[in-house]
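Here's the structure, in structure tokens; my notes come after.
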Amino acid sequence: MEIYLKQAILHLIDREAGDPVFSQVPLDLSAEYIRDYLTKKIQKLSSAQTKTGRLVADSVVSRMLATATDDFIAFSEAFVKHWYQMYQGSEDAPNSDVFIVLYEEDALAQVAFIKVNYKEAYTHFTDLNEEGLANRLILNRAILAGKAQKPDEGMTIDLKTLDYELIEKKYQFSGDKRYYFSTQVIESVPRPSLDDHLSVIKKAAKKMSEKFETPTYDVLANIQEAVYDTIEETGTLDTAEIAQKVFKENVSARMAFQEEMTEKGVIEQTPLVKEVKEISEKKFGKQKLKLSNGIELIVPLDVYRNPDLIEFVNHPDGTLSVTIKNVEEIVNRL
């Protein structure tokens with residue numbers, strides 16, 4: 001992901017003060033720490049929790065985007081005003097800072113909306129009065145999360161295609177905890193995130209393992225491996241390929257699994273976020289196993305696949321043995 005920042009601006013959301021405090025001056029992108037912070041935040045918007053979709057061409061936000069490059073400051077204010085009209089109706093949505101960023105990713109023009117909630121933190125304050133110089137401890141209630149943390153909410157939008165990636169949170173509106181960003185701000189129905197899809201896939205796989213009397217741990221491990229493989233191969237969640245890899249010759253289980261996917265609304269080849277292969281490597285590149293006797297194992301996929309390195313044996317009494325083979329050295333990491 002090659003990101004080139006072109007313009008950025010910061011608007012303050014202090015709900016007690018009323019309307020947002022709109023900046024009239026962009027951020028200084030010649031400052032390395034600002035570029036680094038915004039670039040990291042944009043990268044963090046692509047995650048396993050990110051939803052994807054495409055804006056309707058004549059939606060309110062789509063019409064605003066037409067002015068993003070020509071009059072960036074006015075566009076940023078209009079976008080945040082539109083968002084805040086929905087946001088201010090929540091009983092529990094917190095104060096925050098909102099960054100609007102115009103940038104290029106791999107030479108394609110993009111806009112990012114990045115919301116970072118305030119948190120409390122202690123710091124020092126030097127005060128000079130008639131008694132002399134005093135170093136005091138103060139509580140600051142408007143501290144932003146560091147660059148390594150994911151934005152609390154945000155989205156990126158491709159200005160040409162109107163494709164977007166979205167992280168949204170549920171807040172309380174008239175006593176009802178619900179999403180508001182997709183339904184009211186951008187008026188779009190996004191595709192579920194990778195995590196959402198994986199939750200449905202795991203539940204369906206577990207159901208199939210019980211129905212067809214296959215060890216659940218084995219099916220779930222195969223699901224993780226199949227998800228990793230299909231993402232690496234195609235960049236999508238291919239449910240037909242996952243069914244084939246997991247249930248192999250069991251045609252009945254394969255068909256039942258795919259029927260379950262269709263019933264739950266998971267399409268056969270689900271498009272995912274742009275950085276899905278990198279996310280997949282981190283999330284699915286290792287099998288994490290917890291045994292009933294308290295032993296926990298973290299096994300890289302290539303090791304898990306190799307019977308010369310690890311073996312799972314089912315015994316007639318229903319118990320299971322795990323044999324770790326060909327180990328040359330053990331390192332104790334305290």
Any side-chain heavy atom of [X] within less than 4.5 Å of one from [Y]?
X    : Y    : answer
L102 : F75  : no
K41  : Q149 : yes
I201 : M261 : yes
V101 : I114 : yes
V227 : Q224 : no
Q287 : L301 : yes
I223 : I242 : yes
I3   : D106 : no

Subject >> Non-neighbouring partners of E187 that pass salt bridge (Lys or Arg N to Asp or Glu O under 4.0 Å), sequence neighbours left out >> reply: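 In terms of salt bridge (Lys or Arg N to Asp or Glu O under 4.0 Å), with neighbours along the sequence ignored, E187 is linked to no residue.
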Counting neighbours of [atom1] on [X] that are heavy atoms of other residues, nucleotides or ligands and sit closer than 6.0 Å, is the number greater than 12?
X    : atom1 : result
E328 : CD    : no
I298 : CD1   : no
K248 : NZ    : yes
K211 : NZ    : no
K288 : NZ    : no
H124 : NE2   : no

Subject >> Sole residue of R178, H82, Q85 in side-chain hydrogen bond (donor to acceptor under 3.5 Å, both in side chains) with Q184 >> reply: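 For Q184, the side-chain hydrogen bond (donor to acceptor under 3.5 Å, both in side chains) test succeeds with only one of R178, H82, Q85, which is R178.
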Subject >> Residue that, paired with Y118, satisfies side-chain hydrogen bond (donor to acceptor under 3.5 Å, both in side chains) out of D97, D152, N140, D14 >> reply: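 Of D97, D152, N140, D14, side-chain hydrogen bond (donor to acceptor under 3.5 Å, both in side chains) with Y118 is met by D97 alone.
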Original post:
Between Y84 and F79, is the gap from one ring center to the other below 6.0 Å?
Top reply: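 No: the rings miss the under 6.0 Å criterion.
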**OP:** For residues Y4 and Y103, establish whether the separation of their ring centroids is below 6.0 Å.
**Re:**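 Between Y103 and Y4, which both carry aromatic rings, the centre distance is not below 6.0 Å.
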Original post:
So Y171 and Y87, would you call those rings parallel, tilted or perpendicular, with 30° and 60° as cut-offs?
Top reply: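 Plane angle over 60°, so perpendicular.
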Original post:
Taking the inter-plane angle between the rings of H11 and F22 on a 0 to 90° scale, is it parallel (under 30°), tilted (30 to 60°) or perpendicular (over 60°)?
Top reply: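 Because their plane-to-plane angle is over 60°, the rings of H11 and F22 count as perpendicular.
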**OP:** Could you check S90 against D92 for side-chain hydrogen bond (donor to acceptor under 3.5 Å, both in side chains), going step by step and ending with a plain yes or no?
**Re:** CA-CA 6 Å; S90 169; D92 62 351; 3.0 Å; yes
Original post:
What residues form a ring-ring contact (aromatic ring centres under 6.0 Å, His included) with F99, not counting sequence neighbours?
Top reply: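 Listed in chain order: Y37.
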Subject >> Partners meeting side-chain hydrogen bond (donor to acceptor under 3.5 Å, both in side chains) with Q49 (sequence neighbours left out) >> reply: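 Q49 satisfies side-chain hydrogen bond (donor to acceptor under 3.5 Å, both in side chains) with S47, K150, D195 once adjacent residues are dropped.
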When you compare the side chains of [X] and [Y], does any donor N or O come within less than 3.5 Å of an acceptor on the partner?
X    : Y    : answer
Y164 : D158 : no
D196 : S199 : no
D238 : T230 : no
K115 : N117 : yes

For [Y], does its backbone N or O pair with a side-chain atom of [X] as donor and acceptor, under 3.5 Å?
X    : Y    : value
R35  : L29  : yes
R141 : E120 : no
T39  : D36  : no

Original post:
Does the pair Y228 and E233 meet the rule for a side-chain hydrogen bond (donor to acceptor under 3.5 Å, both in side chains), with working shown?
Top reply: CA-CA 9 Å; Y228 176 83; E233 291 164 8; over 6 Å; no
Subject >> NZ or CZ of K51 within 45° of Y179 ring axis and under 6.0 Å >> reply: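 Yes, a cation-pi geometry holds between K51 and Y179.
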Original post:
Are E225 and K245 close enough for a salt bridge, meaning some N to O gap below 4.0 Å?
Top reply: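 Answer for the salt bridge query: no.
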Subject >> Derivation and outcome, side-chain contact (heavy atoms from CB on, under 4.5 Å), residues I157 and V61 >> reply: CA-CA 10 Å; I157 309 171; V61 172; 4.3 Å; yes
